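The next block holds one structure in the form of structure tokens; read it before the comments.
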Amino acid sequence: MNTDFAIIGGGVVGLSLAWGLLKQGYKVTIVDGSDGSYRASRGNFGLIWVQGKGVGAPHYARWTQRSASLYRDFSEELSDATGINVSLEQNGGFEYFFSDDDLLQTQAVYEQLKQQLGGDYPFEILRGDALRKEEPTVGPEVTSAILHHQDGHLNPLKLLRALNADCQRMGGVYLSNHMVRSVSKGHQFTLSCDDGTRIGADRVILSAGLGALDLGPKMGFVTPLEPERGQVLITEKLPRMINRPSVTARQVDEGGIQIGATNEKIGFNRDVTTKGIAFLADQAIRTHPFLAKVKLVRSWGALRILSRDGKPIYQESPTMPGAYLVTCHSGITLAAVHARLLPGWFDKKQDAPDLEAFSEDRFRLS
Ligand SMILES: Cc1cc2nc3c(=O)[nH]c(=O)nc-3n(C[C@H](O)[C@H](O)[C@H](O)COP(=O)(O)OP(=O)(O)OC[C@H]3O[C@@H](n4cnc5c(N)ncnc54)[C@H](O)[C@@H]3O)c2cc1C
């Protein structure tokens, strides 16, 4: 089997890249692991989130904003092609505060970032009646909120399904249950899978999430990644109760309220814990007291893929030119730039984004 690009990993990152490359006319084969793999793309919170990203690193804020700005068009193209509506809403998102001190601290940080971004960081502070007019279910303990107008959310499982369907519609080959065990390079790349399948490719993208920890170093990458557990809850379906998403709770297109997520560095452990659920439920009820009477129907744990500084990595291998590592903490948020802009970066096009600041040099030098 031969292909222009072999993509290792069929999560949202691999599929976004595959989609963009197929649009450019490339032959693409996506090689994806098994149901036992760690799969952040199936367990996340579905936010397209700008606020708070890129503090101290405005290039990351700009990259995130660029993706948010490309999302509407990207999701409409996906939906037109597949009939799958990813339920994108980009009407802004809230960060809630229970004390003025916390608000003032965050406000100062955002003001500084806004200045670094030349003013393009549209947020406002809402309190009292103004806040409750926008979000009537917010409880009395909430003293204020930051409404950031570039934030939004979608249904991440529908995004994954739409990307997968459209990649296959455009002729992409999707191999599930194929774990790539090694990648070698002769006149072209050869990927060897655990079932004996061998795939020849002109170029290879390693976008295997935490699976990159195994293959990355063998392909010349630093791969400074670690897992971070996020526990998430979902309630029964309800009529519209929450207008805009926050990192604490959002109402999904199907009616359930998704509550999340913990941040726990405890290795490769996806368990759900009573302590985790209690913490999430407490935060959510303080923010939206009506949730105290709502039934929880499901909870799960999934692992984030964190680089050492939390920012994406876009790197061509120094030892295997033509092989690339693409990984990030916010693959839903960045799906639009990955689909639209990374194909040009692989091809070193003149108008490709400058991603030098996201290379692995920052880890090699430190
Ligand atoms: C609780 C939680 C909440 C989150 N919330 C958000 C959010 O609101 N917004 C946002 O933008 N992001 C969010 N994220 C992050 C987002 O989910 C991830 O950035 C994204 O899913 C990463 O996608 P991926 O394709 O890199 O990895 P994955 O989804 O983990 O996919 C990796 C794929 O690679 C495959 N694989 C692994 N090894 C191999 C191998 N050797 N051979 C072949 N295939 C292999 C696996 O089978 C898997 O399918 C959240 C994550 C978590 C855990």
Side-chain angles (χ1 to χ4, degrees), residues 6-18 29-53 64 67-68 71 93 151-157 159-160 163-164 174-183 191-195 197 199 204-216 218-219 225 227-234 245-248 250 252 258-264 268 270 272 276 280 299-307 310-313 325-338:
I7 298 187
I8 307 174
V12 72
V13 172
L15 286 171
S16 302
L17 299 172
T29 299
I30 304 137
V31 195
D32 196 23
S34 64
D35 285 345
S37 301
Y38 301 110
R39 286 178 155 160
S41 303
R42 301 188 189 197
N44 66 74
F45 205 63
L47 298 176
I48 295 157
W49 211 244
V50 171
Q51 79 171 290
K53 300 259 178 71
T64 302
S67 200
Y71 234 107
D151 289 332
H153 65 150
L154 49 59
N155 184 318
L157 296 179
L159 174 67
L160 201 61
L163 283 169
N164 196 323
Y174 174 77
L175 301 174
S176 61
N177 274 312
H178 280 67
M179 286 300 281
V180 177
R181 290 297 174 211
S182 67
V183 177
L191 280 64
S192 304
C193 300
D194 53 359
D195 67 343
T197 306
I199 298 153
V204 180
I205 301 170
L206 179 59
S207 52
L210 291 168
L213 277 167
D214 173 39
L215 287 172
K218 297 177 196 159
M219 294 169 68
L225 302 177
E228 183 190 83
R229 184 172 68 186
Q231 299 186 51
V232 175
L233 317 175
I234 191 123
S246 72
V247 287
T248 309
R250 70 183 191 108
V252 306
Q258 192 174 8
I259 297 168
T262 59
N263 296 81
E264 302 164 277
F268 289 86
R270 282 179 287 187
V272 173
L280 293 174
S299 58
W300 65 86
L303 299 180
R304 295 185 187 86
I305 303 134
L306 285 192
S307 68
K311 297 179 190 65
I313 298 174
L325 173 65
V326 177
T327 184
C328 66
H329 160 268
S330 293
I332 303 300
T333 304
L334 296 180
V337 276
H338 289 167

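For the numbers below, each heavy atom of this structure counts, side chains included, while hydrogens, waters and symmetry mates do not. Both ligands and their constituent atoms are indexed starting at 1 by order of listing. Remember, predicted model here, so these are calculated numbers, not experimental data.
Note that SG of C328 and CG of L334 are 5.0 Å apart. Values are rounded to the nearest 0.5 Å. Between L159 atom CG and Y71 atom OH the span is 5.0 Å, to the nearest 0.5 Å.
The shortest N or O to N or O distance between I8 and ligand 1 is not under 3.5 Å. In terms of polar-atom proximity, defined here as any N/O pair under 3.5 Å, T333 does make such a contact with ligand 1. Considering backbone and side-chain N/O atoms, A261 never comes within less than 3.5 Å of an N/O atom of ligand 1. At least one N/O-N/O distance between L47 and ligand 1 falls below 3.5 Å. At least one N or O atom of I332 sits closer than 3.5 Å to an N or O atom of ligand 1. At a 3.5 angstrom cut-off on N or O pairs, L215 does not count as close to ligand 1. Inclusion of R42 in the set of residues having an N or O under 3.5 Å from an N or O of ligand 1 is not warranted. Residue L303 has no nitrogen or oxygen atom sitting less than 3.5 Å from a nitrogen or oxygen atom of ligand 1, judged on distance alone.
Summarising the contacts of atom 23 (O) of ligand 1 with G331, G11, G209, S41, the nearest heavy atom is found in S41. Of the listed options L210, I30, N44, N44 places a heavy atom closest to atom 3 (C) of ligand 1. One option in M179, Q231, H338 has a heavy atom closer to atom 39 (C) of ligand 1 than any other, and that option is M179. Nearest-heavy-atom check against atom 40 (C) of ligand 1 across D194, V247, L154, V180 picks out V180. Selection from I7, D32, V13 by nearest heavy atom to atom 35 (C) of ligand 1 gives D32.
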From CA spacing to verdict: side chain to side chain contact (heavy atoms under 4.5 Å, CB included), L47, R250: CA-CA 9 Å; L47 298 176; R250 70 183 191 108; 3.9 Å; yes
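If you look at H329 next to ligand 1, the close heavy atoms, those under 4.0 Å, all belong to the backbone. With a 4.0 Å cut-off on non-hydrogen atoms, H178 touches ligand 1 through its backbone and not its side chain. Counting heavy atoms closer than 4.0 Å to ligand 1, residue I48 contributes nothing at all. In S37, the part holding a heavy atom less than 4.0 Å from any atom of ligand 1 is the side chain.
Put simply, part of C328 is less than 4.0 Å from ligand 1, judged by heavy atoms. Using a 4.0 angstrom heavy-atom cutoff, V31 counts as in contact with ligand 1. Heavy-atom separations between W49 and ligand 1 are all 4.0 Å or longer.
For atom 52 (C) of ligand 1, the nearest protein heavy atom (residue, atom name, distance) is R304 CG, 3.6 Å. Distance from atom 44 (N) of ligand 1 to its nearest protein heavy atom, with residue and atom name: G33 N, 3.1 Å.
For Y38, there are no side chain to side chain donor-acceptor pair (under 3.5 Å) partners two or more places apart in sequence or in a different chain.
Sorted by first then second residue, the side chain to side chain donor-acceptor pair (under 3.5 Å) pairs that include residues 43-53, not counting sequence neighbours, are Q51-Y110, Q51-D151, K53-S330.
For the residue pair H178 / D194, no side-chain donor-acceptor distance below 3.5 Å is found, with atom types taken as modelled.
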